[in-house]
Amino acid sequence: MLKKSAEQTSAKMSIIGADMIVEGNIRAKETVRVEGNVTGDVETEGTVTISSTAHIKGNIKGSCIVIGGILEGDLVCSGKTEVISTGKVFGNMHTRSLIVDENAVFQGQCVMNEEEVVSRMKTEEALNGKEEK
């Protein structure tokens with residue numbers, strides 16, 4: 001079971017339920033909690049929480065990321081990334097700080113440099129802006 005932080009309980013939250021299957025990208029301004037299956041990217045200005053029942057095939061981006069399920073894809077986090085004991089990450093990380101609990105799985109590369117993370121986020125935002133036009 002994932003612990004709820006003060007930020008998660010006080011902010012608006014979008015939830016992908018355990019029995020849901022989403023095929024496509026998800027974009028939100030608030031916290032996103034994934035309990036089901038997502039094939040596509042998840043992007044938010046807030047926290048991304050991937051519960052132990054969740055499976056994501058795609059990239060994720062957020063200000064704080066907690067992984068308790070399976071992520072098959074890369075992640076970009078401007079703050080703290082935490083892979084709890086039930087979490088499995090198969091992909092690369094760009095994050096400011098990283099916590100990997102005992103029994104968690106992380107297969108990939110990790111860049112932990114604030115300047116690199118900010119630079120990458122700005123580059124992705126610029127590319128997304130050009131794609132939308």
Side-chain angles (χ1 to χ4, degrees):
M1 176 125 180
L2 299 177
K3 298 177 237 169
K4 290 185 180 178
S5 69
E7 178 184 331
Q8 289 175 312
T9 55
S10 65
K12 291 182 180 180
M13 183 184 302
S14 297
I15 299 175
I16 307 300
D19 61 343
M20 294 178 69
I21 298 171
V22 176
E23 294 181 3
N25 297 334
I26 298 169
R27 282 188 165 168
K29 288 191 180 258
E30 68 261 356
T31 296
V32 175
R33 181 177 177 90
V34 179
E35 297 177 354
N37 294 306
V38 175
T39 301
D41 297 343
V42 178
E43 181 178 336
T44 182
E45 294 174 11
T47 299
V48 178
T49 302
I50 302 171
S51 75
S52 60
T53 59
H55 189 156
I56 296 178
K57 290 183 181 179
N59 302 320
I60 59 175
K61 180 178 174 183
S63 62
C64 180
I65 299 174
V66 179
I67 302 166
I70 299 170
L71 170 64
E72 294 181 61
D74 297 339
L75 71 83
V76 176
C77 180
S78 59
K80 178 177 74 170
T81 299
E82 183 175 2
V83 185
I84 64 172
S85 62
T86 57
K88 295 179 178 156
V89 178
F90 303 99
N92 299 320
M93 296 185 189
H94 284 80
T95 186
R96 195 163 141 208
S97 66
L98 175 64
I99 298 170
V100 180
D101 286 351
E102 185 177 6
N103 297 322
V105 174
F106 170 45
Q107 293 183 356
Q109 295 182 339
C110 180
V111 175
M112 290 177 50
N113 178 325
E114 184 174 0
E115 290 176 16
E116 176 71 23
V117 172
V118 170
S119 173
R120 176 162 175 143
M121 289 180 91
K122 286 181 181 177
T123 301
E124 287 180 2
E125 287 172 2
L127 290 174
N128 287 338
K130 288 180 183 176
E131 290 173 4
E132 290 175 1
K133 289 183 181 178

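Looking at Ile56 and Ile50, their side chains come closer than 4.5 Å, going by heavy atoms from C-beta outward. In this structure the side chain of Phe106 reaches within 4.5 angstrom of the side chain of Met93, judged on heavy atoms. Residues His94 and Met112 form no side-chain contact, since every pair of their non-hydrogen atoms from C-beta on lies 4.5 Å or further apart. Between Met20 and Ile15, every side-chain heavy-atom pair lies at or beyond the 4.5 Å cut-off.
Glu45 pairs by the salt bridge (charged side-chain N to carboxylate O under 4.0 Å, His left out) definition with Lys29, not counting sequence neighbours. When the side chain to side chain contact (heavy atoms under 4.5 Å, CB included) test is applied to Thr53, the partners found at least two apart in sequence or on another chain are Ala18, Glu35, Ser51. By the side chain to side chain contact (heavy atoms under 4.5 Å, CB included) test, Asn92 is found to be paired with Asp74, Gln109, residues two or more places apart in sequence or in another chain being considered. Among residues two or more places apart in sequence or in another chain, the side-chain hydrogen bond (donor to acceptor under 3.5 Å, both in side chains) test is passed with Ser14 by Glu30.
Side-chain atoms of Thr95 come within 3.5 Å of backbone atoms of Gly79 as a donor-acceptor pair (strictly under, hydrogens ignored). When atom types are taken as modelled, the side chain of Asp41 and the backbone of Asn59 share a donor-acceptor pair closer than 3.5 angstrom. At least one donor-acceptor pair under 3.5 Å links the side chain of Thr44 to the backbone N or O of Ala28. No donor-acceptor pair closer than 3.5 Å links the side chain of Ser85 to the backbone N or O of Ala104.
Counting all heavy atoms, side chain and backbone alike, Val48 lies closest to Lys61 at CG2-O, 3.9 Å. Of all the heavy atoms in Cys77 and Ser63, the pair that sits closest is SG-O, 3.6 Å. Contact detail for Lys88 and Val83: the closest heavy-atom pair is N-CG1, 4.4 Å. Summarising the geometry of Val22 relative to Ile26, their closest heavy-atom pair is CG1-CD1, 4.1 Å, with the distance given to 0.1 Å.
Here the CD atom belonging to Glu43 is positioned 4.5 Å from the CZ atom belonging to Arg27, to the nearest 0.5 angstrom. To the nearest 0.5 Å, atoms CD1 (Ile84) and CG (Asn103) are separated by 11.5 Å.
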Report task. Start with the C-alpha distance between Ile60 and Leu71, add both sets of side-chain angles, then the distance that settles side chain to side chain contact (heavy atoms under 4.5 Å, CB included), and finish with yes or no. Result -> CA-CA 9 Å; Ile60 59 175; Leu71 170 64; 3.8 Å; yes
Requested in this report: Give the intermediate values and the outcome of side chain to side chain contact (heavy atoms under 4.5 Å, CB included) for residues Glu82 and Asp101.
Outcome: CA-CA 8 Å; Glu82 183 175 2; Asp101 286 351; 4.1 Å; yes
Requested in this report: Using the side chain to side chain contact (heavy atoms under 4.5 Å, CB included) rule, take Thr49 and Val32 through it: C-alpha gap first, then chi angles, then the decisive distance, then the call.
Outcome: CA-CA 6 Å; Thr49 302; Val32 175; over 6 Å; no
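Hydrophobic clustering (ILVMFWY, side-chain heavy atoms < 4.5 Å, transitive): Val105 and Val89 are in distinct clusters. Cluster annotation: Ile65 is not connected to Ile70 through the hydrophobic network of ILVMFWY side chains, with a link wherever side-chain heavy atoms come within less than 4.5 Å.
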